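Okay, structure first, notes after.
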Number of protein chains: 2
Amino acid sequence: MNVDVFQTLADPTRRRIVEALKGGELAVNDLVARVDIQQSGVSRHLGILQEAGFVQVRAEGTKRLYSLRPEPFQELDAWVTGYRGLWEARLDRFGQALERRRKARMANPKPEEEPP
Amino acid sequence: MNVDVFQTLADPTRRRIVEALKGGELAVNDLVARVDIQQSGVSRHLGILQEAGFVQVRAEGTKRLYSLRPEPFQELDAWVTGYRGLWEARLDRFGQALERRRKARMANPKPEEEPP
DNA sequence: TATGTATATACACGTCCATGAATGTTGACG
DNA sequence: CGTCAACATTCATGGACGTGTATATACATA
């Protein structure tokens with residue numbers, strides 16, 4: 001977790017891996033199929049992503065299933081929050097009303113399922 | 001604007017410049033005083049930030065006043081929004097209530113001033 | 001016009017890093 | 001135990017990039 005979030009996300013291949021994992025956990029070979037680099041490269045990128053806290057691993061037989069972890073994204077969200085004033089302050093009243101409704105929708109995208 | 005947002009933000013010196021500009025527009029020499037690299041380096045970083053859409057320039061005599069632009073931050077915000085489900089979906093009902101109140105506060109930090 | 005200040009650009013250098021090829025390791029299964 | 005499959009690791013290499021030094025450009029002022 002000592003590696004920088006932005007530096008980790010700077011590589012386009014790493015972002016493609018992260019976006020592929022948005023749909024749920026995937027094995028290394030599945031990722032190799034979606035990112036057009038060698039398997040060794042994917043493994044190294046996954047190591048970097050893991051060290052930065054972006055992914056976690058789960059062994060299942062010989063396969064290693066990688067999935068996303070929320071922490072670095074929260075960190076990124078907190079960082080960009082410090083700059084929201086750049087555009088939110090410029091919204092007029094009508095725009096602010098729209099914005100509030102958009103946020104309400106985002107906080108409640110669909111009726112949430114029951115916790116287990 | 002053809003340069004990648006993450007790649008632009010990957011450099012720590014560039015982030016220090018951006019954070020220094022959060023307080024408002026600054027001349028190049030002011031930035032040199034806050035970032036411990038040479039003036040030529042600051043100018044080159046500002047060029048990169050400008051090409052990526054992060055900053056804009058305004059000439060005043062021989063000085064060039066740089067200030068932030070909202071677009072790349074909005075782009076970053078939109079990107080991380082695609083991953084908010086990673087932690088928001090895991091909140092239980094109590095946490096969700098807290099989260100909604102936090103968002104309401106953020107959408108309405110204080111009574112907004114009148115537009116000019 | 002001459003001089004100083006503010007900023008941008010050119011050039012060279014060293015370092016970091018993403019990639020491919022090859023090899024190592026571990027688990028499954030006959 | 002031998003073989004195959006899935007994945008990690010090592011090594012070498014080419015390219016990108018941040019930095020400093022030096023130089024160029026533009027503006028202000030005497």
Side-chain angles (χ1 to χ4, degrees), chain A residues 1-21 23-69 72 76, chain B residues 1-21 23-69 72 76:
Chain A
M1 265 265 247
N2 43 4
V3 195
D4 175 51
V5 175
F6 293 99
Q7 196 129 358
T8 306
L9 250 32
D11 184 69
T13 305
R14 234 132 49 199
R15 280 202 307 273
R16 291 194 59 185
I17 291 179
V18 166
E19 287 162 11
L21 289 176
E25 62 179 8
L26 285 178
V28 181
N29 271 347
D30 302 335
L31 290 167
V32 174
R34 312 190 187 207
V35 184
D36 56 341
I37 68 170
Q38 225 63 14
Q39 174 262 325
S40 65
V42 174
S43 277
R44 237 172 307 109
H45 280 307
L46 285 170
I48 294 173
L49 286 169
Q50 185 177 14
E51 197 163 357
F54 279 88
V55 299
Q56 61 193 163
V57 209
R58 180 172 73 85
E60 193 172 284
T62 68
K63 302 208 170 189
R64 310 266 170 129
L65 299 175
Y66 283 85
S67 54
L68 294 179
R69 282 163 48 86
L76 202 62
Chain B
M1 265 266 246
N2 43 3
V3 195
D4 176 52
V5 174
F6 293 99
Q7 195 130 359
T8 306
L9 250 31
D11 185 68
T13 306
R14 234 132 49 200
R15 281 203 304 274
R16 291 194 58 183
I17 292 178
V18 166
E19 287 161 12
L21 289 176
E25 61 179 8
L26 286 178
V28 180
N29 270 347
D30 303 335
L31 290 167
V32 173
R34 313 190 186 206
V35 184
D36 56 341
I37 67 171
Q38 225 61 15
Q39 173 264 325
S40 64
V42 174
S43 278
R44 240 171 306 112
H45 281 307
L46 285 170
I48 294 173
L49 286 169
Q50 185 177 16
E51 196 162 358
F54 279 88
V55 299
Q56 59 192 164
V57 209
R58 182 171 72 87
E60 194 171 282
T62 69
K63 303 207 170 192
R64 310 267 169 128
L65 300 174
Y66 284 84
S67 55
L68 293 180
R69 282 164 48 87
L76 202 62

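This is a predicted model, so every value here is computed, not measured. Chain naming here is simple, since letters A, B, ... match the order of the sequence lines and numbering starts at 1 in each. Heavy atoms only: backbone and side chains are in, while hydrogens, waters and symmetry mates are out.
To the nearest 0.5 Å, atoms CD (A:Gln56) and CG (A:Leu49) are separated by 12.5 Å. Distance check: B:His45 NE2 to B:Asp11 CG gives 4.5 Å after rounding to the nearest 0.5 Å.
Nearest-nucleotide assignment on DNA chain C puts the 5′-proximal partner with B:Lys63, out of A:Arg64 and B:Lys63. Each of A:Gly41 and B:Val57 was matched to the nucleotide of DNA chain C holding its nearest heavy atom; the match closer to the 5' end belongs to B:Val57. Residues A:Val42 and B:Asp11 each lie close to DNA chain D; by heavy-atom proximity, the contact nearer the 5' end of the strand is made by A:Val42.
For the pair A:Arg16 and A:Asp36, the salt-bridge criterion is met [side-chain N within less than 4.0 Å of a carboxylate O].
With rounding to whole Å, A:Glu60 atom CD is found 15 Å from D:dA5 atom C1'. Rounded to an integer number of Å, the gap from A:Arg58 CZ to D:dA6 C1' is 15 Å. Atom pair A:Leu46:CG and D:dT9:P shows a separation of 11 Å (rounding to whole Å applied). If you take CD of B:Gln39 and P of C:dA8, they are 7 Å apart, rounded to a whole angstrom. Spacing between atom CD1 of A:Ile37 and atom C1' of D:dC7 amounts to 14 Å, rounded to whole angstrom units. Taking atom CD1 of B:Ile17 as the reference point, atom C1' of D:dG18 lies 12 Å away to the nearest angstrom. Atom CG of A:Asp36 and atom P of C:dA18 are 16 Å apart (whole Å). The distance from atom CG of A:Leu65 to atom P of C:dG27 is 15 Å, rounded to the nearest whole Å.
Using a 4.0 Å heavy-atom criterion, one finds that A:Ala59 contacts no nucleic acid atom at all. At the heavy-atom level, B:Gln38 lies under 4.0 Å from base atoms of the strands shown. Within 4.0 Å (heavy atoms only), B:Thr13 reaches sugar-phosphate atoms of the nucleic acid but no base atom. Using a 4.0 Å heavy-atom cutoff across all strands shown, B:Gln7 reaches sugar-phosphate atoms only and no base atom. Note on A:Ile48: only backbone sugar-phosphate atoms sit closer than 4.0 angstrom, heavy atoms only; bases stay farther off.
Between A:Arg58 and A:Glu25 the shortest side-chain heavy-atom distance falls below 4.5 Å. Looking at heavy atoms from C-beta onward, A:Val55 lies out of side-chain contact with A:Ile17 at the 4.5 angstrom threshold.
Checking C:dA6, C:dA18, C:dT7 against every side-chain atom of A:His45, the shortest atom distance belongs to C:dA18. Minimum atom distance to the side chain of A:Ser40 is reached by D:dT9, of the listed C:dA10, D:dC7, D:dT9.
Contact between the side-chain N/O atoms of A:Tyr66 and the OP1/OP2 oxygens of D:dA8 is found at a separation under 4.0 Å. Listed pair B:Arg14 / D:dG18 meets the phosphate criterion, a side-chain N or O lying under 4.0 Å from OP1 or OP2. Distances shown here put a side-chain N or O of B:Ser43 below 4.0 Å from the OP1 or OP2 atom of C:dA8. In terms of phosphate contacts, A:Asn29 brings no side-chain nitrogen or oxygen within less than 4.0 Å of OP1 or OP2 of D:dA5.
Heavy-atom minimum distance, B:Ala52 versus B:Val3: CB-CB, 4.3 Å.
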